[in-house]
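Let me begin by presenting the structure, written as structure tokens, before commenting on it.
Below, read A as the first sequence line, B as the second, and so on, with proteins coming before strands; counting in each chain starts at 1. Since this is a predicted model, take the numbers as computed values, not measurements.
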Amino acid sequence: MNAQNWIAYWTITEREIRRFLRIWGQSLVPSAITTSLYFIVFGGLIGNRIGSLHGFSYAQYITPGLVMLAVITNSYTNVSTSFYLSKFIRNIEEVLVSPATSTVILLGYITGGVIRGLLIGAVVILISLFFTHIVIAHFFIMLLVIVLSSALFSIFGFINALYADNFDQISIIPTFVLTPLTYLGGIFYSIEMLPSHWQIVSHFNPVLYMVNTFRYGMLGQSDVNVVGSIIVLSLVAVLSFCLAWILLEKGVGIRT
Amino acid sequence: MLALEIRDLRKIYSNNVEALKGVSLKVREGDFFALLGPNGAGKTTLIGIVTSLVNKTSGSVQIFGHDLDSQKSFAKSLIGLVPQEFNLAIFEKVENILLQQAGYYGISRSLAKQRAEKYLKKLDLWEKRESQVRELSSGMKRRLMFARAMMHEPKLLILDEPTAGVDLEIRRSMWSFIQGINREGVTIILTTHYLEEAENLCRNVAIIDHGEIIANTSVSDLLSTLQTESFVLFLAQPCAELPVIDDLVLRKIDDKTLEIDLKKTHSMNYVFEHLSANNIVVNSMRNKVNRLEEMFMLLTKNGRS
Ligand SMILES: Nc1ncnc2c1ncn2[C@@H]1O[C@H](COP(=O)(O)OP(=O)(O)O)[C@@H](O)[C@H]1O
Ligand SMILES: [Mg+2]
């Protein structure tokens, strides 16, 4: 990228960061509250009766999943809401008229989503410290998985916002696709606890790989192959980026 | 050098409306150009294609010789746009709108700050720099859109109905702002449906109607072809039949009202002699004022209803 592109990229990124910080009450607090509730209910009350899983207390075991849950929903919502609002208010036209390239625009929004993902990840980990003892087995894998997952869901959020014609259409996917996938993605259980046919079905759920590779980074334990998952996750992220780039270049949903 | 060259531009919207039917247009560098036409003529569509907000169906656009398809980023960096409708982020601070705009064009922060100050002061918005956009009046919002379009100091500034819905006083100050920019060498294209605006400001004009350019000439030439004046005649008695008078176009509005198109080479006496010869008594008369409509009458065969 040349200097001009860098400035444009940073302008979009900074604008995105300022936006979610300005509305921190809507963007950061809700995840902090739900996470605390999960820890109180599942980690404390119910977790004590469950005993240990793979050698970890239940509260410890669910921490990585709760981090990923917050990361995924926050990244997705950040980009889909912000981009859709720009379409709605029409100030997206500022960027469309400008020489900022599709790559720059896309990277700006994704970075905004990733930074919100990292921030909310840190918040959830901080909260977990009140409820359980945290170990960090492989810090860089944790970081890598958060960045990859939040990038991927930022891209999904972007594509969703491109196609959306009204506000309902950006909450449909989170409600009907994202939430079920995350809840069934092994946040609260090890898939070894499932009957074998459900184990097979679970392997088609991309969130399972994110949660487990992240759990590997944190606790050193995973139900799936870590290296393979990271490679597949990276590939999917690159492919989704290309898809979003093509849609943006064509002007789907933004140019008549 | 041509600031803008459009060749055979067509646009068919997804609802099958053919908004542009093969438009070709040239605007010279430094020109003050009006794209004049009634609502729905295709002005915003044309501007939209030039500014990458609308996908064209076919044709080509060049900005200072740079093709909008093959040299997209560079061509775009030469254009500034003041859109017809507000498209400002309403929760953003006024100054941030300008700084961000500069950022999208890759302008460094320090230069952006200087320019923001310059244009905020020029457009009388400096006191409002810390306000949120939604707190501005509509005249201020429009001026902010002007300032925004100037942040990267474009060589071609496009204004889509810049003064629609703006009161007379603000309109005057906007006109003088635009004229100042033009004097500094910036090519201006503005769309309007007021002939007066084109007449007062512009050197050259294209008239667009139903997606086609029906005239493209200098404003002064256009006005001289307008040397036909129209009058409304109120008659003393109903006239049963329109008299036929050489070189004169007479229209019957109702039984006691006629309209007449009169070339400057004709004298009033000539008209009244013939009317008297046909036993038509004129009680009173007035100028027909809507000159744009008149122009369309002239340029399109039958005029519009
Ligand atoms: N997004 C759109 N979808 C479908 N038709 C459109 C759209 N925008 C404009 N049109 C139609 O295209 C024609 C030209 O519109 P426009 O370019 O806005 O004209 P003007 O700016 O001269 O008033 C009109 O018939 C209008 O209804
Ligand atoms: Mg218009």
Engaged part of [X] at the chain A interface, taking heavy atoms whose separation is under 4.5 Å:
| X | answer |
| --- | --- |
| B:Y13 | side chain |
| B:Q100 | both |
| B:L53 | both |
| B:S77 | both |
| B:I97 | side chain |

Taking every heavy-atom pair that is under 4.5 Å apart, which of A:I7, A:L96, A:N5 has the most such pairs with chain B? A:I7
Are A:Y109 and A:F83 close enough, and set up right, to give a ring-ring contact (aromatic ring centres under 6.0 Å, His included), and what steps lead you there? CA-CA 8 Å; A:Y109 275 97; A:F83 193 78; 5.1 Å; yes
Determine whether the aromatic ring centres of A:F156 and A:Y76 lie less than 6.0 Å apart. no
Taking the six-membered ring for Trp, are A:F88 and A:F167 closer than 6.0 Å centroid to centroid? yes
Should the pair B:E18-B:K11 be classified as a salt bridge under the 4.0 Å nitrogen-to-oxygen rule? no
So that I can tick it off, tell me whether A:R90 and A:E93 are bridged by a salt bridge, with the cut-off set at under 4.0 angstrom between side-chain N and carboxylate O. yes
Give, as side chain, backbone, both or neither, the part of A:R22 having an atom under 4.5 angstrom from any heavy atom of chain B. side chain
